[in-house]
Structure formats: structure tokens, C-alpha cells
**Q** 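Structure below; questions to follow.
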Amino acid sequence: MARPSAMSGFPELLPGQRLVEQRVLDSLQQTFELHGFVSVETRAVEPLDRLLSKGETSKEVYVLRRLQAEPDDDRGETDSASRLGLHFDLTVPFARYVLEFAGRLEFPFRRYQIQKVWRGERPQEGRYREFTQADIDIVGRDELAFHHDVEVARVMAEALAALPVPPVRLQVNNRKLIQGFYAGVGARDVDAVMRVVDKLDKLPADAVGALLVDEAGLDERQASLCLQLAGIRSADTSFVERVRELGVTSQLLDRGLEELAAVLEGCASVAGDRVRVEADLRIARGLDYYTGTVFETVMDGLEHLGSICSGGRYDALASDGRTTYPGVGISLGVSRMLVPLLAGGRLSASRSVPSAVLVALVDEGSRPVSDAVARRLRARGIPVEVAASPQKFGKQIRFAERRGIPYVWFPDPGTGSTGGQVKDIRSGEQVEADPDTWRPPAEDLRPRVLTGDAPNDD
RNA sequence: GUGGGCGUAGCUCAGCUGGUAGAGCGCCUGGUUGUGGUCCAGGAGGUCGCGGGUUCAAGCCCCGUCGUUCACCCCA
């Protein structure tokens with residue numbers, strides 16, 4: 001069989017890269033759990049009708065079909081309720097999960113979920129057909145206090161700050177604020193205004209202004225006000241004053257300003273060099289189910305990837321017709337964030353295997369001696385592997401070097417498994433050692449994540 | 001889904017106006033008597049994505065196809 005080649009949009013990592021990804025996932029899990037979020041995993045498939053109910057994402061869904069299905073037994077061709085599709089995000093499955101287990105969950109329910117999702121899109125950098133998302137959401141029954149918006153932002157900011165990635169900018173806005181403002185200036189089609197304003201990162205401001213007149217039915221003055229609003233950004237609550245200066249008033253606007261200010265104040269304690277939290281009144285999010293706070297996040301120097309982490313407030317995350325479950329959540333695109341950094345060499349692991357020590361093999365006959373040394377080291381939590389074959393020591397050292405294993409242990413068959421010498425192959429230093437007491441420095445125990453910039457940034 | 005670029009050794013690529021393939025890196029072996037990285041000397045490895053066409057002759061031109069990549073769209 002011919003050598004298979006990479007399948008575009010289905011990124012696969014090399015061992016050292018996977019090591020970095022695992023570190024990141026561990027870190028996320030740790031932060032989320034520190035804030036009391038519980039892990040949930042949902043099945044990979046949902047009924048097609050449920051996946052499609054959110055709108056026109058239909059083209060993106062991968063459909064599942066049994067190879068042996070009888071053609072005429074395949075009601076699925078027409079019956080979307082019995083057909084299955086792979087989930088394309090974690091929010092839809094979670095909403096279904098909440099409804100299904102509502103009777104056995106405690107509300108407000110806070111969960112994190114780290115899983116693969118699938119979208120049948122045209123792939124490109126940062127955009128994949130199979131990728132990992134890490135979501136946190138808080139969902140309430142009938143109502144959900146606003147302070148959870150602040151909480152979700154703070155948890156994600158803290159999670160991002162702990163990751164070995166470039167600094168990020170968490171941009172926050174509020175749908176009530178912009179909708180209230182647009183209504184306040186007299187826009188008749190508020191959604192149309194929002195859609196047009198959303199084009200600001202693709203088109204120059206005057207072009208967007210023209211579109212506001214042509215497509216959203218605003219007059220010049222209204223369009224100008226909307227553009228001025230979109231231009232407001234601040235890392236503190238000073239945006240409130242600047243919005244007031246535009247002289248537009250509405251109740252909804254007041255509410256939005258209040259909420260957005262609260263999010264910024266609430267995040268002040270976690271914001272820093274690694275994560276900057278700012279109000280950006282340009283952010284709208286295309287998705288129409290957001291009703292309040294909205295988030296978008298970009299990495300410094302990698303803005304072209306788009307948002308790596310977004311979400312917001314839904315008044316109706318889920319509803320069974322009788323009870324409504326409002327929610328607020330953020331979704332981190334782990335693959336979008338990591339894969340370009342790994343591919344560009346900006347993120348790597350100090351070694352490609354967990355082993356801190358390679359125990360050399362003198363000859364096949366003394367393998368039990370090498371195994372015993374390894375066992376003693378492992379008993380104290382030191383990751384160890386034994387050389388595959390009794391090659392010349394030069395070869396065995398090179399074996400370790402290729403994998404980045406920092407230490408090679410030379411057993412002394414004369415003394416059995418209790419002695420030998422250990423060599424730090426980076427410095428060349430070699431000392432007598434006892435496998436029951438020797439241990440590597442803490443920083444060598446596990447592979448480290450290296451963030452050194454390689455000559456490749458975009 | 002729409003439009004453009006590209007597909008040559010494991011990797012990154014070169015190959016002039018068509019004359020039956022090259023570099024760097026990597027890999028393997030050796031420079032004896034069990035300690036790598038440097039250096040030196042050898043060596044392995046390619047149906048030039050695939051199919052068809054034009055031509056005495058195609059990696060190079062034409063058509064198709066698949067793959068890949070970028071932009072739009074959408075989004076993580």
C-alpha cells in the first residue's frame with residue numbers, strides 16, 4: 001500500500017507536539033476544576049434535526065451512515081430525526097444533555113467539556129475539519145444571575161493566562177449595548193446594522209459607513225454614530241463615558257453599559273501581561289442566539305487566525321417548551337490556538353518522550369540488571385526506559401540524544417542492580433549513583449514546554 | 001460553495017528557450033578493541049501526484065483528475 005499522506009483539515013501531531021498539547025489540556029482542566037466546573041463528555045453524534053435546528057450550518061455537518069445499511073431500509077435519507085451527524089460544536093450537545101438530564105442536575109450547573117468536534121469546511125491555517133474545543137458554560141433553570149457572565153470571563157482569562165502561548169486580548173462587548181444604541185439612533189433593522197458593522201475588520205470604515213446607508217437603511221448621521229460607537233475601545237470602564245458623549249439614549253443601552261462595565265471590573269484582578277481584557281464595542285458575533293455579553297479573543301501577533309476563544313450569553317441555551325435554561329459560556333479553540341504555534345516551531349517540547357533516563361544495556365544477558373535499575377528509579381516516580389538493544393554505548397547515547405532524554409544510566413553488572421554511573425549527556429558529566437536515591441533535578445523529571453521563538457511567525 | 005497558486009529524494013527546495021534528474025539538511029556504514037555531539041571518507045534513497053495528449057524527445061507544453069495551499073464565505 002502506498003504511503004498515506006496527511007489529510008488536510010485533520011491535523012495529527014508528532015509525539016513532542018502532542019506532549020505540549022497534553023500539557024495545555026491538563027492546565028485547562030486544572031483551572032476549570034479550581035473554579036468548581038465539572039467535566040462532562042457527550043457522545044460524538046446527535047440526531048441530524050437537532051444539529052440543524054440552529055440555522056444554516058447544515059453544510060458543515062458530517063453525516064454518519066452504516067456501510068451495510070439496506071438502501072430501502074435507509075429511512076434516514078429523508079428522515080432527519082433518525083439520521084445521525086457528528087457534532088460541530090459542544091454547545092448544541094450540551095444543550096441537549098441539559099434537557100435530557102435536567103431532572104438529575106443541580107442548577108446553576110457549571111461544566112467544562114474538552115472534546116473533538118467536526119465541521120465539513122474548506123480547511124486552511126487555523127481552520128480544521130476535526131479539532132479540539134474546550135468549553136465552559138454555566139446554565140441556570142428559568143434564570144441565571146448576571147454575575148455568572150463575569151465569572152465565566154474571569155475563569156477563561158485565568159485559564160488563558162496559565163498557558164504557554166503568546167499574550168492574548170480578550171475582547172468583550174454586549175449585545176444589549178449595541179442593540180440599544182442602534183435602536184436609540186433610530187435604526188429600523190437593528191440586526192442588519194450589526195451584520196454590517198461586523199465587517200469592520202475586513203473593510204475600511206468609510207466603506208462600512210456606505211453599507212450602513214445602502215444596506216441597513218441608515219442616514220448619514222446615524223451611520224456616523226454607529227461607526228463612532230464601533231470605534232470605542234478601552235481596557236477599563238472609561239468606554240461608558242465615551243458612549244454617553246455620543247448622546248444616544250435607551251434603556252437597553254443603559255443596561256448593556258452597566259453589564260459590560262461589570263465584566264471589565266470583574267476581570268481586573270486577573271488581567272495582566274498575559275491576558276488583556278478590554279471592552280471593544282465593535283465585537284458583535286454573527287451568531288444570532290447571543291443576547292448579552294459576547295466575547296472574542298485573539299493572540300498577539302496571530303490576529304490573522306481570528307478568534308481563538310469566543311462565546312457569550314444566551315437567554316435560551318435550551319428549552320423544552322415549559323422550562324427555559326439560560327446560559328453563558330466560552331469556547332476555546334484548542335487546535336486553532338495550538339496547531340499553528342506547533343507547526344511554526346514556536347511551541348515545542350524539551351524532549352519527544354516522557355523518559356528522563358535511558359538505562360543502557362551492556363548485553364542481552366544482563367538485561368535483568370538494567371530492568372532492575374529501571375524498576376528502582378520508576379518506584380520513585382522517575383520515567384525510565386531501557387535501551388532497545390546492546391549496541392555500542394555511543395549508539396545508545398545517541399538513541400537518548402535523538403529523543404531528548406537527558407540522562408543515560410550505565411549499569412555495572414558486577415555490582416548487580418544497585419550501582420552504576422549516570423551521565424548527563426548535555427554536560428557530559430558522569431557520576432557514580434545509586435538507583436534507590438539518585439533523582440534528576442525537578443526540571444528534568446518531565447518534558448518541559450519550550451516557547452522559544454523559531455524563525456517562523458506567520 | 002466561489003476564485004487563484006502549487007504538486008520533483010524522509011524534510012526544504014533547484015532544474016535556464018522541452019533533450020530521459022540535482023543541492024542542502026536528515027539517514028546508514030566506517031575512521032578497530034563498549035561513551036554521542038565536531039571532522040573526514042564512503043553509501044542508501046525519486047513510477048518528477050495520477051491519467052491522457054502534442055513531439056523524434058516532456059519534470060518542463062496542452063487537457064483532465066486527485067491532492068494540497070491561499071483568499072472569499074463562515075467560524076474555534
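Numbered from 1 within each chain, the chains take letters A, B, ... in sequence-line order. Every value quoted in this text rests on a predicted model; they were computed, and no experiment measured them. Because only heavy atoms are used, hydrogens play no part in the values below, and waters and symmetry mates are left out as well, while side chains stay in.
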**Q** Which whole number of Å gives the distance between the P atom of B/G30 and that of B/G37?
**A** 13 Å
**Q** Looking at every strand, decide which applies to A/Val334 at a 4.0 Å heavy-atom threshold: base, sugar-phosphate, or nothing.
**A** nothing
**Q** Below 4.0 angstrom, N of the basic side chain to O of the carboxylate: do A/Arg426 and A/Glu429 qualify?
**A**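 No, A/Arg426 and A/Glu429 are not salt-bridged.
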**Q** Roughly, in whole Å, what's the span from CD in A/Gln430 to C1' in B/U35?
**A** 7 Å
**Q** Between B/G18 and B/C62, how far is it from one C1' atom to the other, in whole Å?
**A**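 About 13 Å, rounded to a whole number of Å.
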**Q** Please determine whether a side-chain nitrogen of the Lys or Arg among A/Arg398 and A/Glu401 lies less than 4.0 Å from a carboxylate oxygen of the Asp or Glu.
**A** no
**Q** Between A/Arg119 and A/Phe88 (side chain of the first, backbone of the second, donor and acceptor by atom type, cut-off under 3.5 Å), is there such a pair?
**A** yes
**Q** Within the 4.0 Å heavy-atom criterion, would you say A/Arg426 contacts the bases, only the backbone, or no part of the nucleic acid?
**A** base
**Q** B/G36 P sits how many Å from A/Ile405 CD1, rounded?
**A**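 After rounding, the gap between these two atoms is 17 Å.
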**Q** Consider the side chain of A/Gln124, meaning its heavy atoms from C-beta on, and name the nucleotide among B/C70, B/A76, B/U35 that approaches it most closely.
**A**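 The answer is B/C70, which lies nearest to the side chain.
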**Q** Whole angstroms only, please: what is the OH-P distance between A/Tyr128 and B/A76?
**A** 15 Å
**Q** What is the base-pairing partner of B/A71, counting Watson-Crick and G-U wobble geometry with both distances under 3.5 Å?
**A**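 WC or wobble partner is B/U2.
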**Q** State the pairing partner of B/C50; accept Watson-Crick or G-U wobble contacts with both distances under 3.5 Å, and report none otherwise.
**A**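 B/C50 is paired with B/G64.
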**Q** Using a 4.0 Å heavy-atom cut-off, does A/Leu358 contact any base of the nucleic acid, only the sugar-phosphate backbone, or nothing at all?
**A** nothing
**Q** Closest-nucleotide mapping onto RNA chain B: is A/Gly9 or A/Ile308 further toward the 5' terminus? I mean the 5' end.
**A** A/Gly9
**Q** Do A/Phe131 and the base of B/A76 stack face to face, with centres under 5.5 Å apart and an angle between planes under 30°?
**A** yes
**Q** For nucleotides B/G42 and B/A71, find the distance between their P atoms and express it as a whole number of Å.
**A** 47 Å
**Q** Distance check needed: B/G1 C1' versus A/Glu121 CD, whole Å only.
**A** 11 Å
**Q** If you measure from OG on A/Ser307 to CZ on A/Arg336, what distance do you get to the nearest 0.5 Å?
**A** 7.0 Å
**Q** Looking for any heavy atom pair under 4.0 Å, which part of the strands does A/Phe399 touch: base, sugar-phosphate only, or nothing?
**A**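 Contact class for A/Phe399: none.
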**Q** How far, in whole Å, is B/G49 from B/U8 if one measures between their C1' atoms?
**A**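 Result for the C1' pair: 10 Å, nearest Å.
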**Q** Salt bridge check, A/Arg448 against A/Glu443: does any charged N sit closer than 4.0 Å to a carboxylate O?
**A**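 Salt bridge flag = no for A/Arg448 with A/Glu443.
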**Q** B/A9 and B/C50: how far apart are their P atoms, nearest whole angstrom?
**A**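 Per the computed distance, 11 Å lies between those P atoms.
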**Q** Should the ring pair A/Phe10 and A/Tyr62 be called parallel, tilted or perpendicular, given that the plane angle runs from 0 to 90° and is split at 30 and 60?
**A** tilted
**Q** Across all strands shown, which nucleotide pairs with B/C13 by Watson-Crick or G-U wobble geometry, both distances under 3.5 Å?
**A**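 Base-paired to B/G22.
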**Q** Can you check whether any acceptor in the base of B/U69 is under 3.5 Å from a donor in the side chain of A/Glu125, or vice versa?
**A** no
**Q** Between B/A76, B/A71, B/G36, which one does the side chain of A/Arg122 approach most closely?
**A**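 The answer is B/A71, which lies nearest to the side chain.
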**Q** Salt bridge check: are A/Glu151 and A/Arg110 linked by an N-O gap of less than 4.0 Å?
**A**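 Yes.
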**Q** In whole angstrom, give me the gap between the P atoms of B/G15 and B/U32.
**A**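 Taking atom P in both B/G15 and B/U32, they lie 42 Å apart.
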**Q** Using both distances under 3.5 Å as the test, list the Watson-Crick or G-U wobble partner of B/U32, or none.
**A**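 Per the H-bond distance test, none.
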**Q** Choose from B/A76, B/A71, B/U35 the nucleotide whose nearest atom is closest to any side-chain atom of A/Phe410.
**A**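 Selected nucleotide: B/U35.
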**Q** Given that both distances must come in under 3.5 Å, which nucleotide forms a Watson-Crick or G-U wobble pair with B/A44?
**A** none
**Q** Distance between the C1' atoms of B/A41 and B/G46, in whole angstroms?
**A**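 These two C1' atoms come out 25 Å apart once rounded.
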**Q** Have a look at A/Lys423 and say if it touches a base, only the backbone sugar-phosphate, or nothing, with a 4.0 Å heavy-atom cut-off.
**A** base
**Q** By the 4.0 Å heavy-atom rule, please label A/Ile425 as base, sugar-phosphate, or nothing.
**A**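 Here A/Ile425 touches the bases of the nucleic acid.
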**Q** Check the orientation of A/Phe109 and A/Tyr97. Use parallel for under 30°, tilted for 30 to 60°, and perpendicular for over 60°.
**A** parallel
**Q** Check whether the side chain of A/Arg336 and the base of B/C75 form a donor-acceptor pair under 3.5 Å.
**A**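 Check passes, donor-acceptor contact within cut-off.
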**Q** Round to a whole Å and report the spacing from CG of A/Asp198 to P of B/C75.
**A**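 Spelled out: CG on A/Asp198 to P on B/C75 is 8 Å.
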**Q** To the nearest angstrom, how far is A/Arg398 atom CZ from B/C28 atom P?
**A** 5 Å
**Q** Between A/Gln421 and A/Ser310, who's closer to the 5' end of RNA chain B by nearest nucleotide?
**A**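 Closer to the 5' end of RNA chain B: A/Gln421.
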**Q** Please state how far atom CD in A/Gln391 lies from atom C1' in B/U33, giving the value in whole angstrom units.
**A** 18 Å
**Q** Quick check: any donor-acceptor pair below 3.5 Å linking the side-chain of A/Arg127 to the base of B/C73?
**A** yes
**Q** Between A/Lys395 and B/U29, is there a side-chain N or O to OP1/OP2 distance below 4.0 Å?
**A** yes
**Q** Give me the distance, rounded to whole Å, that separates B/U65 from B/G1 when you measure between the P atoms they each carry.
**A**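 Going atom to atom, P in each nucleotide, I get 14 Å.
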**Q** Find the distance A/Phe393:CZ to B/U35:P and express it as a whole number of Å.
**A**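 From A/Phe393 CZ to B/U35 P: 8 Å.
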